[in-house]
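Whatever order the structure lists them in is the order used to number ligands and atoms, beginning at 1. Values reported hereafter were calculated over all heavy atoms of this structure, with side chains retained and with hydrogens, waters and symmetry mates removed.
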Amino acid sequence: LSTTGNYFMEKPTTKFSDVGGMQKLKNEIALKIIQPLKNPELYKAFGKKIGGGILMYGPPGCGKTFIAKATAGEIDARFITIGLHDILDMWMGNSEKNLHEVFKVARKNTPCVLFIDEVDALGASRSDMRQSSMRQIINQFLAELDGVKDNNDGVLVLAATNAPWSVDSAFRRPGRFDRVIFVSPPDETSRKEILESLLKEKPVEKIDAGDIAKLTNGYSGADLKALIDIATESKLEESFAKGSLQPITQKDIVKAVKQHKATTSEW
Ligand code: ATP
């Protein structure tokens, strides 16, 4: 993991198979991002322009960052993530230069999935920033995205927001974030898959993920992860106390459900 300024770069090993549910999004990413990278000639033969990104929106904790990371894992690419709210805070006055830096690093490290979180921060009115400065930053961002001066081949852009209504409409033009996809809280089948994925490498005993999926309506992927973390924690303690490994059981997770409630209900 490298950190420079306010972004992170890593080479993830997460794969689509680690991501529970989200089938529609997986298909869309395969078609728009993975296949063009693997078969550029085919796309050219059909006269189809490669490029453009996907904008994901929906409640927090439902896997937007996670699937972006898995996209990088699928194609053996680097993964850079930036949160625009933080960037604007930290880079006040210097945002344009720093945005350029991030894109420059991505272009140097292709193939690279550039994940831009909180893309609504660009355009939202801020008391601490003049409207004209914000417009300037948006224009700079669009120029980087369009690859006006530099070649963006191999830079794959995914963006996310919890507030799609605040995203500047210029971002959604063709060739930019021209696919907008709602990432919903996981349904029962997806919750079962997410639980299975989260428990895959843990010592477990007699767990029925389907039953827990039924008990966790409204739980996001992050909420489900919290349940497994709570159960893991208590089993670790118990294992220490007893001096032998105590696997996670159905009862532990049901107990965790009582402690950690769903966070997505307001959506
Ligand atoms: P935010 O809007 O807060 O950034 P997000 O939608 O990006 O939220 P993630 O950070 O991707 O949510 O999800 C949080 C964690 O929950 C992930 O690191 C992962 O462990 C787990 N998780 C979420 N969705 C899934 C999923 N579909 N399959 C497996 N794990 C998941």
Side-chain angles (χ1 to χ4, degrees), residues 1 6-8 10-30 53-74 79-88 113-122 124 157-167 177 179-202 204 207 209-210 212-213 216-233 248 253 256-257 260-267:
L1 179 81
N6 206 40
Y7 64 88
F8 298 91
E10 60 183 305
K11 190 127 191 277
T13 51
T14 315
K15 293 269 166 31
F16 272 3
S17 56
D18 299 310
V19 182
M22 305 182 104
Q23 198 50 53
K24 188 176 157 225
L25 192 53
K26 284 183 191 170
N27 294 345
E28 192 73 30
I29 291 175
I54 296 177
L55 173 65
M56 301 178 274
Y57 73 98
C62 290
K64 298 185 287 297
T65 310
F66 199 57
I67 198 161
K69 196 182 267 197
T71 304
E74 282 289 317
F79 179 66
I80 296 181
T81 172
I82 52 172
L84 284 185
H85 276 296
D86 290 348
I87 280 190
L88 290 181
V113 172
L114 179 56
F115 176 66
I116 301 161
D117 206 359
E118 308 164 332
V119 77
D120 50 277
L122 287 176
V157 189
L158 286 169
T161 178
N162 300 322
W165 48 86
S166 301
V167 175
F177 299 113
R179 287 276 207 292
V180 182
I181 295 186
F182 176 54
V183 179
S184 62
D187 61 12
E188 191 180 315
T189 316
S190 302
R191 291 198 297 278
K192 177 170 180 283
E193 279 179 40
I194 295 170
L195 287 162
E196 280 165 354
S197 165
L198 290 168
L199 289 167
K200 204 163 47 186
E201 274 150 29
K202 295 200 185 275
V204 295
I207 287 194
I212 299 162
T216 47
N217 194 19
Y219 281 63
S220 68
D223 289 330
L224 296 174
K225 182 165 185 299
L227 298 183
I228 305 306
D229 286 346
I230 292 172
T232 303
E233 204 65 13
I248 301 171
I253 303 179
V257 172
H260 181 96
K261 296 292 168 203
T263 55
T264 64
S265 48
E266 64 273 24
W267 270 72

**Q** Of the options Leu158, Val157, Val119, which is the one that meets Leu55 in a side chain to side chain contact (heavy atoms under 4.5 Å, CB included)?
**A** Val119
**Q** Looking at Glu28 and Lys24, is any side-chain nitrogen of the basic one under 4.0 Å from a carboxylate oxygen of the acidic one?
**A**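 Between Glu28 and Lys24 there is no salt bridge, as every charged N stays at least 4.0 Å from the carboxylate O atoms.
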**Q** Name all pairs fulfilling the salt bridge (charged side-chain N to carboxylate O under 4.0 Å, His left out) condition that reach into residues 11-22, sequence neighbours left out, sorted by first residue then second.
**A**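 Every salt bridge (charged side-chain N to carboxylate O under 4.0 Å, His left out) pair that includes a residue of residues 11-22, provided the two are not neighbours, is Lys11-Asp76, Asp18-Lys200.
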**Q** Output side-chain donor-acceptor pairs under 3.5 Å for residues 180-188, partner residues at least two apart or in another chain, one line each.
**A**
from: Asp187; atom 1: OD1; to: Thr189; atom 2: N; distance (Å): 3.4
from: Asp187; atom 1: OD1; to: Ser190; atom 2: N; distance (Å): 2.8
from: Asp187; atom 1: OD1; to: Ser190; atom 2: OG; distance (Å): 2.8

**Q** What does the list of residues with a heavy atom under 4.0 Å from ligand 1 look like, ordered by chain and number?
**A**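 For ligand 1, the residues that come within the 4.0 Å heavy-atom cutoff are Asp18, Val19, Gly20, Met22, Pro60, Gly61, Cys62, Gly63, Lys64, Thr65, Phe66, Asp117, Asn162, Ile194, Gly221, Ala222, Lys225.
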**Q** Using the side chain to side chain donor-acceptor pair (under 3.5 Å) rule, take Asp223 and Ser220 through it: C-alpha gap first, then chi angles, then the decisive distance, then the call.
**A** CA-CA 5 Å; Asp223 289 330; Ser220 68; 3.2 Å; yes
**Q** What residues, two or more places apart in sequence or in another chain, satisfy salt bridge (Lys or Arg N to Asp or Glu O under 4.0 Å) together with Lys64?
**A** none
